[in-house]
> 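Take this structure, written in structure tokens, and hold onto it; I'll ask about it next.
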Protein chains: 2
Amino acid sequence: MIDVKQLKYFVTIAEEGQITKAAQKLHIAQPPLSQQLKQLEEELGVPLFDRKAKKMELTAPGKAFYEKAKRLLAQLDDAVAEVKEIEEGTAGTLSIGCVKSCFYYLAQAIRHFHEQAPNVTFHLREGDTFSICQLLYERRIDIGIVRLPIDSADYDVIRLPGERYVGVLPAQWKTGQPSLCMRDFADWPLLLLHRVHGAGQYERVIEECRRHGFEPNVLCECPDATILLSLVAQGLGATIVPQSTVALFRLPGIKVLEIIDSSMTAEAAAILDRQRYLPKSARTFLDVLQTVAARAAGEQHEER
Amino acid sequence: MIDVKQLKYFVTIAEEGQITKAAQKLHIAQPPLSQQLKQLEEELGVPLFDRKAKKMELTAPGKAFYEKAKRLLAQLDDAVAEVKEIEEGTAGTLSIGCVKSCFYYLAQAIRHFHEQAPNVTFHLREGDTFSICQLLYERRIDIGIVRLPIDSADYDVIRLPGERYVGVLPAQWKTGQPSLCMRDFADWPLLLLHRVHGAGQYERVIEECRRHGFEPNVLCECPDATILLSLVAQGLGATIVPQSTVALFRLPGIKVLEIIDSSMTAEAAAILDRQRYLPKSARTFLDVLQTVAARAAGEQHEER
DNA sequence: TTGCTTCCATATCTTTTTCGTATAGGATGG
DNA sequence: CCATCCTATACGAAAAAGATATGGAAGCAA
């Protein structure tokens, strides 16, 4: 079976014009090189060189094979380099699925990661937590970014720092203070994020309202943060969302106010298929994501 | 060092989806295949598969490498096939240098050879015997076709059948008989082939004239048969050339007559660089050339 | 859950291949 | 004609690849 080693040997001999010099260049002794060449010629069934007294000269088939061999070796090197680049995360594609309320993290992370690894391209998918998990299971995405809680049986869950919820009101609404209490929401129609499948933030917010002694008036539930916020901008009602959600989708016509008497935190996480090999680009991206999330959490504390 | 064998193994595993089946297909045991794969992954520094319970699944770098590897293996096969084709003479290029007075042989040989090996292309060079030898020495041509005698020290000489000389006269010249004697040339201005370097047919014809008791009146000597014959066609004089020479360059305005009282033969030969590997196409071509020359000689005898 | 099956990984031994040293043979040039 | 340079062959040593035996994890069925 023809071997890469034989190709390298052959190419070197062809370029050096003699076996002895080629052997030196290859850091092997001369006899084995003679043998390898002989073996290659036998495998091909074709003499590759005319053995002249002072120099080996390529035959017609030899010339043709030299060109091919050189090309093949170069392509092999390329292939190896590319594989390593993909592994190192300096090239390749990263597929990420993200719930909309976490796009702020994602956008920041992509921006920072792109500075480190400009050759990595992204495929983004959007959906609610359930569908993101589904995509991950189907291997359509490498990383999912979702809101907790989730059923974590099949995934590695990398928790991101929790963040506070904020109240979002139509800009024209009058409020006495520059901040809100949970009790304020008792009188307003509420628009809330709600997963299509399973329990999540929605249930948590309802729970919090009840803890503050009122049953919320939920006008609309919707799984998509941008739709929700645009409805708020239309003046339909107020909503309670994680802070980062409005950091990205800060539409005109809404105002964002702190809720001072609630310690609810929205938790997000990056999730991974446990059984799957993760390219280094993905691992690096996760680091970046965590850094971004941590900084966002820090800023939040400062504001407070 | 990455090995073709490893690539084949890897591709097979990738296609079979599991090591055990791949090992069966490759006719080796399973453990060595596991080891080879492991080794390849170590050399690349990248895991190529996710080991899942029931099937091996390619990682992102693995997918990329699979495509490259498959392509490389195909190209290697192509390269080997091409080299063998060139060796077998079913492809490649054949460079031939030929003196003009032998082009008849060459044309016939090329025509027949082309039927056998339509993928072989030709590079033709023309010159006198000396320059053809020179081209062969410089490896600009694979085969030379020349008139004897030559200095045969450095070449393998493959003699072609000898052929008779014929007299060529301007068409308008009146001759009593349908054939000629050497003596007839005593009265005519002669145009003769003459090598630029060294001795050859010219000297032989002069010698033959003297043997017949006259000193030829050489009006013009010239190394190129077509020029010579066109001068004859212009009525400038007569010439004596090998029969095959006029067989190809039968210009209007000349007539060809047998010389009945001379047994001079013109000898041609194919010559080869002794120290050089000869592709099979060249060897096959030589066979065809000899067949063609032999048949030409046969026809000549019949005519006679 | 238990037991069975399937498949990958590891360990060890055997065989094959490859390499290095020593040496012979052929061509070239002074 | 000898010295030199290069290639080819012979043979022992080292390295690599393969086969067999075995262990362990995961799926599947009872």
Side-chain angles (χ1 to χ4, degrees), chain A residues 1-44 46-59 62 137 139 153-156 273-277, chain B residues 1-44 46-59 62 137 139 153-156 273-277:
Chain A
M1 189 187 288
I2 289 179
D3 186 351
V4 170
K5 183 165 40 177
Q6 290 176 317
L7 295 184
K8 280 187 182 162
Y9 286 1
F10 165 66
V11 166
T12 307
I13 295 172
E15 286 172 353
E16 291 299 317
Q18 60 181 30
I19 294 181
T20 306
K21 271 191 190 171
Q24 288 170 6
K25 200 170 182 183
L26 292 165
H27 306 295
I28 60 173
Q30 169 265 317
L33 189 55
S34 289
Q35 285 185 338
Q36 288 294 328
L37 176 60
K38 187 181 168 188
Q39 194 176 319
L40 178 62
E41 288 177 323
E42 279 168 6
E43 280 168 325
L44 289 172
V46 179
L48 295 168
F49 288 96
D50 285 327
R51 270 72 167 175
K52 295 197 70 175
K54 282 288 172 186
K55 57 184 168 191
M56 312 277 289
E57 211 157 291
L58 285 168
T59 60
Y137 180 79
R139 310 221 160 187
D154 294 332
Y155 310 101
D156 276 331
D273 188 325
R274 184 169 293 153
Q275 295 166 320
R276 186 167 170 198
Y277 165 73
Chain B
M1 186 187 290
I2 290 179
D3 186 350
V4 170
K5 183 163 39 179
Q6 290 175 318
L7 296 183
K8 281 188 181 162
Y9 285 3
F10 164 66
V11 166
T12 306
I13 295 172
E15 286 172 352
E16 292 299 316
Q18 62 181 36
I19 294 180
T20 306
K21 272 191 191 172
Q24 287 169 6
K25 200 170 182 180
L26 292 165
H27 305 294
I28 60 173
Q30 168 264 318
L33 189 55
S34 289
Q35 284 185 337
Q36 287 296 326
L37 177 60
K38 187 181 169 189
Q39 193 175 321
L40 178 62
E41 287 178 325
E42 278 170 6
E43 279 168 325
L44 289 172
V46 178
L48 295 169
F49 288 95
D50 285 328
R51 270 73 167 173
K52 296 197 68 177
K54 279 290 169 184
K55 56 186 169 190
M56 312 278 288
E57 211 156 292
L58 283 169
T59 61
Y137 180 79
R139 309 220 160 187
D154 295 332
Y155 310 100
D156 275 331
D273 189 324
R274 184 168 295 154
Q275 296 166 320
R276 187 166 168 198
Y277 164 72

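All values below were derived from every heavy atom in this structure, side-chain atoms included, with hydrogens, water molecules and symmetry-related copies excluded.
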> Less than 4.0 Å between a side-chain N and a carboxylate O, is that true for Glu15(A) and Lys8(A)?
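A salt bridge is absent here (no side-chain N lies under 4.0 Å from a carboxylate O).
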> Taking only the side-chain heavy atoms of Pro32(A) (C-beta and beyond), determine which of dT20(D), dA9(C), dC19(C) contains the nearest atom.
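Out of dT20(D), dA9(C), dC19(C), the nucleotide with an atom closest to Pro32(A)'s side chain is dC19(C).
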> Take the protein atom CZ of Phe49(B) and the nucleotide atom P of dA9(C), then report the distance between them rounded to whole Å.
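Result: 10 Å.
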> In this structure, how many angstroms lie between the P atom of dC6(D) and the NZ atom of Lys38(A), rounded?
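It works out to 21 Å between those atoms.
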> Counting side-chain heavy atoms from CB outward, which of dC8(C), dT7(D), dC19(C) is closest to Ser34(B)?
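Of the options given, the side chain of Ser34(B) lies nearest dC8(C).
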> Which one, dC6(D), dT10(C), dT18(C), comes nearest to the side chain of Gln18(A)?
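For the Gln18(A) side chain, the nearest candidate turns out to be dC6(D).
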> To the nearest Å, give me how far apart CG (Leu33(A)) and P (dT7(D)) are.
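To the nearest whole Å, that distance equals 9 Å.
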> Using whole Å, report how far CD of Gln24(A) lies from C1' of dC19(C).
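So the CD-C1' distance, Gln24(A) to dC19(C), works out to 17 Å.
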> Ignoring the backbone of Ile28(A), work out which of dC8(C), dG20(C), dT7(D) is nearest its side chain.
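My answer, after comparing the listed nucleotides, is dG20(C).
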> Decide, yes or no, whether a salt bridge links Arg139(B) with Glu57(A) under the criterion of side-chain N to carboxylate O below 4.0 Å.
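Looking at Arg139(B) and Glu57(A), the cut-off is met.
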> Expressed as a whole number of angstroms, how long is the span from Gln30(B):CD to dA25(D):C1'?
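Atom CD in Gln30(B) sits about 14 Å away from atom C1' in dA25(D).
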> Regarding Gln39(A), tell me which of base, sugar-phosphate or nothing describes its non-hydrogen contacts under 4.0 Å with the strands shown.
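Sugar-phosphate contact only.
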> Identify which nucleotide among dA8(D), dT21(C), dT12(C) has an atom closest to any side-chain atom of Ala29(A), counting heavy atoms from C-beta outward.
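Between dA8(D), dT21(C), dT12(C), the one nearest the side chain of Ala29(A) would be dT21(C).
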> State which of dA9(C), dG18(D), dT7(D) makes the closest approach to the side chain of Lys5(B).
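Ranking dA9(C), dG18(D), dT7(D) by closest atom to the Lys5(B) side chain puts dG18(D) first.
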> Rounded to whole angstrom units, what separation is found between the CG atom of Leu40(A) and the P atom of dT17(C)?
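About 16 Å, once rounded to whole Å.
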> Students often get this wrong, so: under 4.0 angstrom with heavy atoms, is Tyr9(A) touching a base, only sugar-phosphate, or nothing?
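Since only primed, P, OP1 and OP2 atoms lie under 4.0 Å of Tyr9(A), the category is sugar-phosphate.
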> What is the distance, to the nearest angstrom, from the NZ atom on Lys8(A) to the P atom on dT18(C)?
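The distance from NZ of Lys8(A) to P of dT18(C) comes to 15 Å, rounded to the nearest Å.
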> Tell me what Thr20(B) touches on the nucleic acid: a base, only sugar-phosphate, or nothing, going by heavy atoms under 4.0 Å.
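Sugar-phosphate only.
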> Given the structure, check if the side chain of Gln35(B) and the base of dA17(D) hold any donor-acceptor pair shorter than 3.5 Å.
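A donor-acceptor contact between them is absent.
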> Considering only dG20(C), dA17(D), dA22(C), which nucleotide approaches the side chain of Pro31(A) most closely?
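Nearest nucleotide to the side chain: dA22(C).
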> What's the CE-C1' distance between Met1(A) and dA17(D), to the nearest Å?
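Between C1' of dA17(D) and CE of Met1(A): 12 Å.
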> Can you find a pair of side-chain heavy atoms, one from Met56(B) and one from Ile19(B), that are under 4.5 Å apart?
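Yes - at least one pair of side-chain heavy atoms lies under 4.5 Å apart.
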> Using a 4.0 Å heavy-atom cut-off, does Gln36(A) contact any base of the nucleic acid, only the sugar-phosphate backbone, or nothing at all?
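The residue Gln36(A) makes sugar-phosphate contact but no base contact.
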> Would you check if there is a donor-acceptor pair between the side chains of Gln24(B) and Gln30(B) at a distance under 3.5 Å?
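Note: Gln30(B) and Gln24(B) side chains miss the donor-acceptor criterion.
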> Using side-chain contact (heavy atoms from CB on, under 4.5 Å) as the criterion, point out the one residue from Leu44(B), Ile2(B), Leu48(B) that pairs with Phe10(B).
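Output: one option passes, namely Leu48(B).
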